[in-house]
Amino acid sequence: MSVDPKLKARLGVVLIGVALAVLPFVVGASFGNSWVRIIDFALLYIMLALGLNIVVGFAGLLDLGYIAFYAVGAYLYALLSSPHLAIAFPQVFAAAPGWPVWAVLPLGALVAGLFGVLLGAPTLKLRGDYLAIVTLGFGEIIRIFLNNLNAPANITNGPQGINNIAAAQIGGHALNRPLELFGVMVPGVHLQYYFFLALTLLVIFVCLRLQDSRLGRAWVAIREDEVAARACGINTRNVKLLAFGLGATFGGVAGGLFAGFQGFVSPESFGLLESIMVLCMVVLGGMGNIAGVILGAVLLALLPEALRWGAVPLQQTLFGKVLIDPESLRLLLFGIALVVVMRWRPAGLWPSALRKRELAAHGEAA
Amino acid sequence: MSTPLLEASGISKRFGGVQALRDVSLAIRAGEVYGLIGPNGAGKTSFFNVLTGLYSADQGEVRFNGQPLPLGVPHRIAGVGIARTFQNIRLFGAMSALENVMVGRHIRLRTGVLGAILRTPAARREEADTEARAHALLRYVGIDRLANQQATHLSYGDQRRLEIARALATEPKLLALDEPAAGMNATETAGLRALIEKLRGDGLTVLLIEHDVKLVMGLCDRVAVLDYGEKIAEDVPDVVRRDPRVIAAYLGTEAVDA
Ligand SMILES: Nc1ncnc2c1ncn2[C@@H]1O[C@H](COP(=O)(O)OP(=O)(O)OP(=O)(O)O)[C@@H](O)[C@H]1O
Ligand SMILES: [Mg+2]
């Protein structure tokens, strides 16, 4: 009578796959393409949150400067895919660099990873609050550098930021242009969606594999008890640096995607509030649990947009005027959500699997 | 006589005004159960911490298997074959019992980032082998039925057993146990004693800190006594038990002098 669980799992995967494939068309048709754009951003946030989850969720190292790696990836992409360098240094660059996306993204990942190790190295002995303060400082330093590196040599174009960044090109087609496929016009935001989705799935895959490995266990061991981890033979220095480096790598990829998507980057996208936002996605969803972190990222990425969309008309019908503007309402709800989760679900909305396994073991015994 | 498995010479360690260890030398032979006893604050745990690299010594050196031990580098010390448990249990609380033991295998495994992500045949084999060995070790210490329980939810005695299993997972030549019977009831202590006998029977060398005098005297081949950071005696249990300095240390020197 009962369905084979393997078959059920496979059916689930197929259903999710179909849902993800048609999502932009359904959303675009029902709510407009600006909502597809919002979903694209949600995918970027998932990548960011999963990257930070390696550092904070797995290894237990509180990092408040994570957005710096996003910035590194974004600026690298911007410099290599816009005319900025050619304009600023005509003697050096005869033409805009125009690197292909398959070269820029891995390079961004690598450079961001190096920055991650660079940040990790001096903070190895720090924990908790002290680590949080140093990483916070690091994040700000990167942002301030980006803000001021327009003189004496104009590398980042300062607060104005860099624009005219070329969108990612795949198979000779720029992803910000619509594409006709089998007689159907697929808008650019949809193409970006599929591109981001593919990379997000790759990031999720990598996270799942790492979690269930010798390295994933070592990270959690350090989080749980660093002294015991060392006594068990874990080289905590290397394993922590690896967490910083890999986490930063994901941030670098997401940053590159962001730059190509927006066509424009400026330092103000990479402030402390963004770091805190990504951290909240990790904490709210369920630190250390990949599914929970994805849930947290989706919720927090969609919440402000949902408010912008729904709060104003709702208040107008209820009170006849707008009492709280959507931006304040967003921060208010955000604060309330954090307090509620910390009070009643300290392990997050969707905590890690161990608990479930434990309950299952209890069930068998009973 | 063969060279000892472990030979500590002239170990000193100071914390501010406290001389936790003063010129401590001792030698542990392969295959024996060696007891380390002494009053509270005598420096027993400090000696363990130096031995396993968590503290660096101010002076002195340790030779293990004839080679100098890389003091101050815990993971390398674990690598050459010294594993320990902690006086105040230190498990990885959020992990299952099985995962705790699997972490203990870390240093014997090779899988790196790429191997883990691609799940190469070698990585897969290693992972399966790790899990099988972890189960075997849990069976060995008698708690395999609790493999999937969260470590913090185990009873006190089982947590101590789990710590031993995790230490054994590193494939040690010397197992150092810091007060493994602390907080155990009589039945649990008897079980622990049987477990240590089994370890000895399987050829492992054991260094045991213990306050339970009956357990130490009944189990150990030789015993060293620390008092205020100094080694004041080292011999077979029967001799140590009668040593006037040991008796004075336990009863208080003032009482004897008076
Ligand atoms: N990290 C440390 N910092 C400062 N003092 C320390 C530290 N570790 C140990 N000590 C001191 O060193 C002395 C020896 O302590 P140790 O823990 O080695 O004793 P012990 O023999 O294990 O005692 P017990 O039987 O109570 O476990 C004590 O006076 C203790 O306060
Ligand atoms: Mg002690």
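By convention in this document, chain letters (A, B, ...) are assigned in the order of the sequence lines, proteins followed by strands, and residues within each chain are numbered from 1. The analysis underlying the following values was restricted to heavy atoms, covering all of them including side chains, and did not include hydrogens, waters or symmetry mates.
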| chain A: which of B/Ile82, B/Leu118, B/Val73, B/Val103 shares the most heavy-atom pairs with it under 4.5 Å? | B/Val103

| said: Between B/Phe15 and B/Tyr55, does the ring pair (Phe, Tyr, Trp, His ring centres under 6.0 Å) criterion hold? Intermediate values first, please. | reply: CA-CA 11 Å; B/Phe15 295 106; B/Tyr55 295 167; 5.3 Å; yes

| Which atoms of B/Ile77 approach chain A - backbone, side chain, both or neither, heavy atom under 4.5 Å | neither

| query | Tell me, side chain or backbone of B/Arg166 under 4.5 Å from chain A's heavy atoms, or both, or neither? | reply | side chain

| said: Report which part of B/Leu91 has an atom under 4.5 Å of a heavy atom belonging to chain A: side chain, backbone, both, or neither. | reply: backbone

| message | So that I can tick it off, tell me whether B/Glu171 and B/Arg105 are bridged by a salt bridge, with the cut-off set at under 4.0 angstrom between side-chain N and carboxylate O. | response | yes

| message | Counting only non-hydrogen atoms closer than 4.5 Å, does B/Thr130 touch chain A with its backbone (N, CA, C, O), its side chain (CB onward), both, or neither? | response | side chain

| field | Candidate list B/Thr45, B/Asn88, B/Thr85, B/Asn49, test side chain to side chain donor-acceptor pair (under 3.5 Å), partner B/Asp178, passing option | value | B/Thr45

| request: State whether the side chain of A/Lys240 and the backbone N or O of A/Leu124 hold a donor-acceptor pair below 3.5 Å, judged by distance alone. | output: yes

| field | Pairing of B/Arg119 and B/Glu126 as salt bridge, 4.0 angstrom limit | value | no

| said: Between A/Leu242 and chain B, with a heavy-atom cut-off of 4.5 Å, which part of the residue counts as in contact: side chain, backbone, both or neither? | reply: side chain

| request: Please report the C-alpha distance between B/Asp129 and B/Arg133 in whole Å, then the side-chain angles of each, then the deciding distance to 0.1 Å, and finally whether the salt bridge (charged side-chain N to carboxylate O under 4.0 Å, His left out) criterion is met. | output: CA-CA 6 Å; B/Asp129 175 63; B/Arg133 276 174 186 251; 3.2 Å; yes

| task | Return the option, out of A/Val227, A/Val220, A/Leu215, with the maximum number of heavy-atom pairs under 4.5 Å with chain B. | result | A/Val227

| request: Check each atom of B/Thr52 against the heavy atoms of chain A and say whether the ones under 4.5 Å are side chain, backbone, both or neither. | output: neither

| request: Give, as side chain, backbone, both or neither, the part of B/Val113 having an atom under 4.5 angstrom from any heavy atom of chain A. | output: both

| said: Has B/Gln150 got a side-chain atom pairing as donor or acceptor with B/Thr152's backbone, closer than 3.5 angstrom? | reply: no

